[in-house]
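Structure record follows, encoded as structure tokens.
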Amino acid sequence: MSDSLVEARLGKIEALKARGIDPFPARVPASERIDGVLRRHGGLAAEEHSGARVGVAGRLMARRQMGKASFLDLRDGSAKIQIHAAADRLGDEAYRGICDTDVGDFLHIAGEVFRTKRGELTVAAESWTFLAKAIRPLPEKWHGLKDVELRYRHRSLDLLSSDETRERFVRRAKMMETLRSELTRLGFLEVETPSLHPIPGGTTARPFATHHNALDVDLYLRIALEIYLKRALIGGLDRVFEIGKCFRNEGVSTKHNPEFTMLELYQAYTDYEGMMRLAESLVGAVFQAAVGSLVVDYQGTRLDFSPPWHRVAMLDAIAETSGLDLGTLTAPEIVAAAKTKGIGVPNLSRTQLIEHLFDRFVEPTLIQPTIVTDYPVEISPLAKRRADAPHLTERFELFVMNMEIANAFSELNDPVDQRVRFEDQERLRAGGDEEAQRIDEDFLFAMEHGMPPTGGMGVGLDRLAMLLSNSASIRDVILFPALRRKDEA
RNA sequence: GGGUCGUUAGCUCAGCCGGUUAGAGCACCUGACUUUUAAUCAGGGGGUCGCUGGUUCGAGUCCAGCACGACCCA
């Protein structure tokens, strides 16, 4: 087994100790990040010596040994640099010591920066220090980890051996940084709200349930950030946002992870039209920062995020794609109309039929960024009704590549209507719909003291990160995605 | 939940129609080598072929079940 490799490495640890060298020292000689060294000495010509001494610390990634001299590749979190170790410069004992290190170990190297005749910027080691020992070999240096299961289960190794994987998470970090700086610039305040909710609210989804022993109450991991953020907004924090994990006890797929990251923001004195403009500008800023362009390739499809995005009302989109003009048709009339067009549909409520037809005909067509507006009131219990069509709401969802990326409303701020909506949801729950929302009296109590007209939006950041990093699966943009437990032994 | 495919050394992969002791490259060990960069050259060690059962004179290979994963579908 691999144990022979591990045992050999453990033997090296003992050998280091026997020579009085700590294989895991706490102190590190002065060092600077490798990218800084590369930048500062980038102007050196081939075979030119800088005369400058530097200290660098990092992981040994490769070794090319030629007897009494070796080239090593040392990498830190910023970059990689070549080290030249030679017996005549280091002395025989130090050279033998550095030859005894393994790829994967951490070393500190001090020496002069020069450029080799082949043109590679290199540190000519004058002294070195052991920083930490690795007792298992790194993945294959050229192919890295190809088995996706290993990549997800052992992400540290994937990150070490794949520049593409690193780049995905760099882009994700730029996305987060840009969202925070843009929203802050616009006067939004970042807040944190509870993850443990007595009533899982803000959307329809199955929650994870847990129990607080000391308080002896059942609690749920949040499925959305919405309700508490609106309570903060009612309190006068009238431009707020939160970036946080939400949890849904549902299936796992290339587009779903049971815990995922949401951005939710609420802005008083605007509406869903304002949210459309904000979505365009925020997403644009993110693409500009992380990719440098509003036009990107995603899995072979060219996506153009330049504003304004296509906008279409839900029922219009259904009419365009299915040929079914639902108008004010009742559910049985819709089923009949579908039949005359040769479309078989299940026997559902009017709203469920709308959702069904949308999923079946419209969603597959939504490739370029598209804002779908005017959702039925029954499935939008927290959104304001359209004044001219009270069965519809001022709500939109952003779709890209058939994926729902964002969801936004003119927020319902009428506490009387909000109570009616909750009661409608409770009726659905009583009728067996486990995901229907529940009356939240604390939320209503706050709203009853007055809530300003508000636009709010939620953005699925993992999916946005997929688009930014050309990732086919949500697992590629989550460092440690949910996987089934694999029993050892 | 259903279908298809996959699982062989630490990693990347071969392994044909079921037939001797399961191979290669990287990594590792030994030796040579002072400008290499997937260094090179010579030699060596390393395997519960995912797990369990079945068919067979004989199973990495065929069959069934299970586990894990990927993709597609609901």
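Chain naming here is simple, since letters A, B, ... match the order of the sequence lines and numbering starts at 1 in each. Quantities reported herein were computed from a predicted structural model and do not represent experimental measurements.
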Open item on the list: If you only use heavy atoms from C-beta on, which nucleotide in B:rC33, B:rU34, B:rU37 is closest to the side chain of A:Glu120?
Closed with: B:rU37
Task: Listed nucleotide nearest any side-chain atom of A:Thr254, set B:rC68, B:rA38, B:rC71 - done: B:rC71
Open item on the list: So, does A:Arg484 get its side chain near the phosphate of B:rG69, meaning an N or O under 4.0 Å from OP1 or OP2?
Closed with: yes
Open item on the list: For the residue pair A:Arg438 and A:Tyr220, would you count it as a cation-pi contact if the rule is NZ or CZ under 6.0 angstrom from the ring centre and within 45 degrees of the ring axis?
Closed with: yes
Open item on the list: Once you apply a heavy-atom cut-off of 4.0 Å, does A:Lys12 come out as touching a base, just sugar-phosphate, or nothing?
Closed with: sugar-phosphate
- [ ] Take the angle between the ring planes of A:Tyr272 and A:Phe396 and call it parallel below 30°, perpendicular above 60°, tilted in between.
- [x] tilted
Cut-off 3.5 Å, no hydrogens considered: what does the side-chain donor-acceptor table look like for residues 16-23 of chain A, sequence neighbours left out?
{"from": "A:Asp22", "atom 1": "OD1", "to": "A:Phe24", "atom 2": "N", "distance (Å)": "2.8"}

Open item on the list: Using the P atom as the point on both nucleotides, what is the distance between B:rC41 and B:rC26, in whole Å?
Closed with: 8 Å
TODO: Using atom CG of A:Leu145 as one end and atom C1' of B:rG10 as the other, report the distance to the nearest whole Å.
DONE: 10 Å
Task: Atom pair CG/CD1 of A:Asn249 and A:Ile223 - distance to nearest 0.5 Å - done: 11.0 Å
- [ ] Take atom C1' in B:rA59 and the same atom in B:rG53, then report the distance between them in whole Å.
- [x] 13 Å
Open item on the list: Applying a 4.0 Å non-hydrogen cut-off, can you work out what A:Glu47 is touching in the nucleic acid: base, sugar-phosphate, or nothing?
Closed with: nothing
Open item on the list: Please give the distance between the C1' atoms of B:rC73 and B:rA27 as a whole number of Å.
Closed with: 41 Å
Open item on the list: I'd like the P distance from B:rA64 over to B:rG18, given in whole Å.
Closed with: 15 Å
Task: Integer-rounded Å distance: B:rU36 P and A:Lys80 NZ - done: 16 Å
Open item on the list: With syn defined as a glycosidic angle within 90° of 0 and anti as the rest, where does B:rC17 land?
Closed with: syn
Task: From B:rU37, B:rC29, B:rU34, nucleotide with atom closest to A:Thr116 side chain - done: B:rU37
Task: Inter-nucleotide P distance (B:rA38, B:rG50), Å rounded - done: 34 Å
TODO: Can you tell me the distance, in whole Å, between the CD atom of A:Glu149 and the P atom of B:rA67?
DONE: 14 Å
Task: Any donor-acceptor N/O pair under 3.5 Å between B:rU36 base and A:Gln82 side chain - done: yes
- [ ] Establish, for the pair A:Arg395 and A:Tyr375, whether the NZ or CZ atom is under 6.0 angstrom from the six-membered ring centre and no further than 45 degrees off its axis.
- [x] yes
Task: Distance, rounded to the nearest Å, where A:Leu150 contributes CG and B:rU8 contributes P - done: 9 Å
- [ ] Check whether more than 12 heavy atoms from other residues, nucleotides or ligands sit under 6.0 Å from atom NZ of A:Lys68, and answer yes or no.
- [x] no
Open item on the list: Taking only the P atom of each, what is the distance from B:rU36 to B:rC72 in whole angstrom?
Closed with: 47 Å
- [ ] Provide the distance between the two C1' atoms, one in B:rU34 and one in B:rC28, to the nearest whole Å.
- [x] 24 Å
TODO: Carefully, step by step, assess A:Gln82 and A:Arg64 under the rule side-chain hydrogen bond (donor to acceptor under 3.5 Å, both in side chains).
DONE: CA-CA 10 Å; A:Gln82 180 168 265; A:Arg64 295 173 292 282; 2.7 Å; yes
Open item on the list: Could you check whether A:Arg427 pairs with A:Asp424 (Lys NZ or Arg NE/NH1/NH2 to Asp/Glu carboxylate O, under 4.0 Å)?
Closed with: yes
- [ ] May I ask you to say what A:Leu483 touches in the nucleic acid, namely base, sugar-phosphate or nothing, with a heavy-atom cut-off under 4.0 Å?
- [x] sugar-phosphate
Open item on the list: Does a side-chain N or O of A:Arg475 approach OP1 or OP2 of B:rG69 to a distance below 4.0 Å, or not?
Closed with: no
TODO: Could you tell me whether the side chain of A:Arg429 and the main chain of A:Ala436 form a donor-acceptor pair under 3.5 Å?
DONE: yes
Open item on the list: Is it the case that B:rU36 (base atoms only) and A:Ser70 (side chain only) share a donor and an acceptor within less than 3.5 Å, ignoring hydrogens and angles?
Closed with: no
Open item on the list: Looking at A:Arg64, I'd like to know whether one of its side-chain N or O atoms comes within less than 4.0 Å of OP1 or OP2 on B:rA39.
Closed with: yes
Open item on the list: Can you list every stem that RNA chain B is part of, counting only runs of 3 or more consecutive Watson-Crick or G-U wobble pairs with both distances under 3.5 Å?
Closed with: B:1-7 with B:67-73, B:10-13 with B:23-26, B:28-32 with B:40-44, B:50-54 with B:62-66
Open item on the list: Here's a test of your reading of the structure: between A:Gly67 and A:Lys141, which maps to the more 5' nucleotide of RNA chain B?
Closed with: A:Gly67
Open item on the list: Expressed as a whole number of angstroms, how long is the span from A:Arg136:CZ to B:rC26:P?
Closed with: 23 Å
Task: Along RNA chain B (nearest heavy atom to each residue), the more 5'-positioned of A:Ala87 and A:Leu138 - done: A:Leu138
Task: Nearest-angstrom distance from the residue atom CG of A:Leu90 to C1' of B:rU34 - done: 12 Å
Task: Nearest-Å distance for atom pair CH2/P, residues A:Trp142 and B:rG10 - done: 24 Å
Open item on the list: For B:rU35 and A:Arg118 - does any side-chain N or O of the residue sit under 4.0 Å from the phosphate oxygens OP1/OP2?
Closed with: no
TODO: Determine whether any donor atom in the side chain of A:Asp147 lies under 3.5 Å from an acceptor atom in the base of B:rU12, or the reverse, and answer yes or no.
DONE: no
Open item on the list: Nearest whole Å is fine: how far is B:rA70 P from A:Asp476 CG?
Closed with: 10 Å
Open item on the list: Using a heavy-atom cut-off of 4.0 Å across all strands, would you classify A:Lys68 as base, sugar-phosphate, or nothing?
Closed with: base
TODO: When you get a sec, tell me which of B:rG69, B:rU12, B:rU36 is the closest nucleotide to the side chain of A:Arg153?
DONE: B:rG69
Open item on the list: Using the P atom as the point on both nucleotides, what is the distance between B:rC68 and B:rC63, in whole Å?
Closed with: 22 Å
Task: Short side-chain to backbone donor-acceptor contact, A:Glu394 and A:Phe409, under 3.5 Å - done: no
